[in-house]
Amino acid sequence: MITAADSDAGGLQVFQYIPYNRPSGNLTSDPNLGDSESQVPFINVNPAPTNTGNFLDGSNGSTASEENPWQSFSSVDSIDGPMGNFAVAWTGTPDFPGSIVAKTYGMNADLLPSTLDNTEIYNLMYQTLFGATPILGSSEIDELTGTPGNNVMTGLLGSDSLTSGSQQDTFVYTSFRDRGDTIKNFDAIDLIDLSQIFVDSEYGSSTPFDSYVRLVQVGSHTEVQINPVGDSGSIFRTLVTLENVTATDLGASNFIF
Ligand SMILES: [Ca+2]
Ligand SMILES: [Ca+2]
Ligand SMILES: [Ca+2]
């Protein structure tokens with residue numbers, strides 16, 4: 001069972017200039033002011049549809065003039081340095097990230113991290129329903145790391161760096177064009193899913209591992225090479241490199257066809 005509440009959707013955020021730089025567009029860019037401003041400062045995050053900036057509430061609200069300057073909320077310094085200059089920012093129509101309150105009980109309850117965001121609630125539900133957490137890369141070069149539990153990791157295009165978790169992970173290749181990846185911590189229980197490549201009619205063999213896959217030892221690594229053209233030729237190209245893996249430790253059972 002999982003309960004989750006996104007506590008700041010449509011709510012307020014405490015915003016602090018010190019020690020951060022003030023966004024451009026404000027009257028002053030000096031973060032050390034904040035208590036005597038003739039104009040209301042704003043941040044360019046989450047503006048409502050009807051304005052261009054997210055104007056901040058100070059201790060006297062969100063109005064200011066020369067006679068009655070805008071004033072921040074104050075604070076004593078912390079052991080890390082100056083504090084203070086606090087303001088309240090209200091959310092616009094988009095959500096702010098963070099501040100998810102969640103509790104779990106029962107199966108996979110131990111997988112709830114101490115801090116998380118909405119997408120991790122989704123991952124936890126997916127893990128519990130389907131037994132695996134999806135980790136999806138992009139068409140760029142990605143660095144993806146497995147979570148506790150089983151992962152289904154898809155790097156897509158780009159020479160991605162994928163790190164397997166301690167449980168059984170499945171590395172999915174949607175096309176030979178996803179090639180060039182490096183997988184760290186791959187071990188004998190992990191899987192490489194080639195089914196989306198070999199579904200092509202050019203791959204007619206009933207023993208695809210023997211026909212289209214080679215495991216080549218290169219130093220301490222294993223290169224997984226596949227035939228990118230199927231039955232029309234007998235060439236092999238590297239799809240993915242498994243770091244610190246001995247080729248003879250792997251076999252057809254590490255692949256999904
Ligand atoms: Ca990628
Ligand atoms: Ca693993
Ligand atoms: Ca890739």
Side-chain angles (χ1 to χ4, degrees), residues 97 107-114 116-120 122-200 202-203 208-209 212-230 233 235-257:
M107 182 180 176
N108 286 340
D110 56 318
L111 299 181
L112 182 72
S114 56
L116 78 168
D117 215 325
N118 275 337
T119 48
E120 286 158 285
Y122 166 77
N123 288 345
L124 195 53
M125 292 169 71
Y126 195 101
Q127 168 79 40
T128 306
L129 289 170
F130 304 111
T133 301
I135 299 178
L136 188 62
S138 69
S139 59
E140 308 297 321
I141 296 172
D142 301 295
E143 219 169 283
L144 306 179
T145 300
T147 61
N150 307 108
N151 303 126
V152 176
M153 235 183 271
T154 312
L156 299 174
L157 297 179
S159 300
D160 307 304
S161 174
L162 313 172
T163 302
S164 188
S166 56
Q167 306 285 319
Q168 183 176 56
D169 302 306
T170 302
F171 298 89
V172 178
Y173 285 88
T174 64
S175 152
F176 180 65
R177 296 188 304 147
D178 293 350
R179 69 185 177 276
D181 300 352
T182 301
I183 301 179
K184 298 180 170 71
N185 296 343
F186 190 93
D187 63 46
I189 60 169
D190 293 321
L191 301 167
I192 294 174
D193 185 345
L194 303 175
S195 59
Q196 293 182 60
I197 299 177
F198 291 162
V199 74
D200 206 302
E202 290 154 1
Y203 297 96
F209 179 73
Y212 308 125
V213 179
R214 282 182 185 169
L215 302 173
V216 180
Q217 189 76 43
V218 179
S220 57
H221 310 313
T222 292
E223 286 186 0
V224 176
Q225 301 183 350
I226 69 166
N227 178 331
V229 297
I235 60 171
F236 286 85
R237 295 283 183 271
T238 300
L239 178 72
V240 51
T241 300
L242 311 177
E243 279 195 6
N244 299 313
V245 167
T246 303
T248 50
D249 290 347
L250 304 180
S253 62
N254 292 103
F255 295 86
I256 299 171
F257 297 106

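Order of appearance sets the numbers: ligands from 1, and atoms from 1 within every ligand.
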message: Just to verify, which of Tyr173, Phe209, Phe198 counts as forming a ring-ring contact (aromatic ring centres under 6.0 Å, His included) with Phe255?
response: Phe209
For Phe236, all residues meeting ring-ring contact (aromatic ring centres under 6.0 Å, His included), sequence neighbours excluded: none
query: Under 3.0 Å from the Ca ion (ligand 3), is there an N/O/S atom belonging to Leu156?
result: yes
query: the Ca ion (ligand 1) is nearest to which N, O or S atom of Glu140?
result: O
task: Say whether, by atom type as modelled, one donor and one acceptor occur between the side chain of Gln127 and the main chain of Thr133 under 3.5 angstrom.
output: yes
task: Answer with yes or no whether the side chains of Glu223 and Thr238 bring together a donor and an acceptor at under 3.5 Å.
output: yes
message: If only side-chain N and O atoms count, and only distance matters, is there a donor-acceptor pair under 3.5 Å linking Asp169 with Ser164?
response: yes
query: What N, O or S atom of Asp181 is found closest to the Ca ion (ligand 3)?
result: OD1
field: OD2 (Asp160) - the Ca ion (ligand 1) - O (Ser138) angle, nearest 10°
entry: 150°
query: So, Asp142 and the Ca ion (ligand 3): N/O/S under 3.0 Å, yes or no?
result: no
query: Excluding sequence neighbours, so at least two apart, what forms side-chain contact (heavy atoms from CB on, under 4.5 Å) with Val199?
result: none
statement: Closest non-hydrogen contact found for Val245 with Gln217 is O-NE2, 3.4 Å
message: Can a side-chain donor-acceptor contact be found between Asp193 and Thr170 if the only test is distance below 3.5 angstrom?
response: no
- request: May I ask you to list the protein N, O or S atoms found at less than 3.0 Å from the Ca ion (ligand 2)?
  value: Ser164 OG, Gly165 O, Gln167 O, Asp169 OD2, Asp190 OD1, Asp190 OD2
task: With sequence neighbours excluded, give me every ring-ring contact (aromatic ring centres under 6.0 Å, His included) pair touching residues 130-160.
output: Tyr126-Phe130
message: Restricting to N, O or S atoms, which atom of Asp178 is closest to the Ca ion (ligand 3)?
response: O
message: With respect to the Ca ion (ligand 3), please indicate if Gly158 possesses an N, O or S atom at a distance under 3.0 Å.
response: yes
